[in-house]
Amino acid sequence: MDKRELYDSFNEMGQQTQVLLEQIELIKYEMTRVIEKNAELEIENQHLRERLHELEDKKKTSNETGLSKSRQNLEKLYEEGFHVCNVDNMYGSRRINDEPCVFCQDVIYGERR
């Protein structure tokens, strides 16, 4: 191998090394993006799991009483001493001496559709 061929070989290897270095830098950049995206998704996933757990707890709480949210609101109003039935336009009026009202109880606990 003469000097010229040796020089050309080194020059070609240098160019190949430069191309390889550019490819490595590109892969490094893409890898960094993937790692950052993965970290973001892990955080989001954790928040979604926490939210799902909260919703499941709420659902268990509402299922313990067996009442829908609207019926639970009516039950709360009834327990505060107000009519929730519409017999004789009594809805929203105060119950006398907090006496039980079978019509209100039927609205709250009656047959569920």
Side-chain angles (χ1 to χ4, degrees):
M1 184 178 258
D2 69 351
K3 293 178 185 178
R4 177 81 177 151
E5 289 177 353
L6 187 60
Y7 179 77
D8 290 343
S9 291
F10 274 122
N11 193 24
E12 187 178 328
M13 253 197 309
Q15 290 173 352
Q16 289 174 349
T17 304
Q18 187 65 30
V19 169
L20 186 60
L21 183 60
E22 289 172 1
Q23 289 176 343
I24 289 173
E25 287 297 320
L26 180 63
I27 291 172
K28 189 170 112 178
Y29 172 77
E30 289 298 321
M31 184 62 121
T32 302
R33 281 190 47 228
V34 167
I35 290 171
E36 289 173 353
K37 186 67 173 175
N38 187 39
E40 289 175 13
L41 291 173
E42 285 178 355
I43 292 169
E44 183 178 357
N45 195 11
Q46 182 61 33
H47 289 158
L48 289 172
R49 283 188 178 139
E50 290 170 1
R51 180 67 176 138
L52 181 62
H53 185 37
E54 289 173 10
L55 292 174
E56 287 174 350
D57 286 347
K58 277 185 178 179
K59 186 175 181 181
K60 286 179 186 175
T61 303
S62 68
N63 287 340
E64 287 174 2
T65 61
L67 297 176
S68 66
K69 187 73 173 168
S70 58
R71 287 185 186 235
Q72 288 175 0
N73 289 336
L74 290 174
E75 180 182 46
K76 185 177 178 182
L77 285 172
Y78 180 75
E79 288 172 357
E80 290 176 4
F82 294 97
H83 280 280
V84 293
C85 66
N86 199 19
V87 176
D88 294 330
N89 294 324
M90 295 179 70
Y91 180 81
S93 63
R94 194 138 305 265
R95 289 185 291 132
I96 300 171
N97 297 327
D98 290 331
E99 290 183 13
C101 174
V102 292
F103 301 111
C104 290
Q105 291 176 359
D106 185 51
V107 168
I108 299 170
Y109 306 110
E111 184 177 329
R112 296 179 184 103
R113 297 173 188 135

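Residues: numbered from 1 along the sequence shown.
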- Message: Holding to side chain to side chain donor-acceptor pair (under 3.5 Å), I want the full list of residues that pass it with R95, two or more places apart in sequence or in another chain.
- Response: Y78
- Message: I need the H83 NE2 to S93 OG distance, nearest 0.5 Å.
- Response: 4.5 Å
- With D106 via side-chain contact (heavy atoms from CB on, under 4.5 Å) - residues at least two apart: none
- Message: Considering only residues two or more places apart or on different chains, which pairs with a residue in residues 3-13 satisfy side-chain hydrogen bond (donor to acceptor under 3.5 Å, both in side chains)?
- Response: E12-Q16
- Sorted by chain and residue number, the side-chain contact (heavy atoms from CB on, under 4.5 Å) partners of Y91 (sequence neighbours excluded) come out as L74, L77, V84, N86
- Message: If hydrophobic residues (ILVMFWY) are linked whenever their side-chain heavy atoms come closer than 4.5 Å, directly or via other members, who joins F103 in its cluster?
- Response: V87, V102
- Item | For L6, all residues meeting side-chain contact (heavy atoms from CB on, under 4.5 Å), sequence neighbours excluded | M1, F10
- Item | Atom pair CD (E44) and CZ (R49), whose distance is rounded to the nearest 0.5 Å | 12.0 Å
- Just wondering, are more than 12 heavy atoms of other shown residues or ligands nearer than 6.0 Å to CD1 in I96? no
- Task: Apply side chain to side chain donor-acceptor pair (under 3.5 Å) to Q46 and list each qualifying residue two or more places apart in sequence or on a separate chain.
- Result: E50
- Please tell me if the side chains of Q18 and Q15 come closer than 4.5 Å, counting only heavy atoms from C-beta onward. no
- G110 and R71 have their tightest heavy-atom pair at O-NH1, 3.5 Å
- Query: Considering residues at least two apart in sequence or located in another chain, which fulfil the side chain to side chain donor-acceptor pair (under 3.5 Å) criterion with S70?
  - Reply: S68
- Residues which pass side chain to side chain donor-acceptor pair (under 3.5 Å) with R51, listed by chain and number, not counting sequence neighbours: E54
- Could you state the interatomic distance from OH (Y109) to CD (E75), rounded to the nearest 0.5 Å? 3.5 Å
- Item | Nonpolar side-chain network containing M31, other nodes, edges under 4.5 Å | I35
- Distance-only, no hydrogens or angles: does the R94 side chain make a donor-acceptor pair with backbone N or O of F82 under 3.5 Å? no
- Item | salt bridge (Lys or Arg N to Asp or Glu O under 4.0 Å) pairs, two or more places apart, involving residues 30-40 | E30-R33
- What is the distance from atom CG of L52 to atom CG of N45, rounded to the nearest 0.5 Å? 10.5 Å
- Query: Sequence neighbours excluded, which residues qualify as side-chain contact (heavy atoms from CB on, under 4.5 Å) partners of I24?
  - Reply: L20
- In Å, rounded to the nearest 0.5 Å, how long is the span from OG1 of T32 to CD1 of I27? 11.5 Å
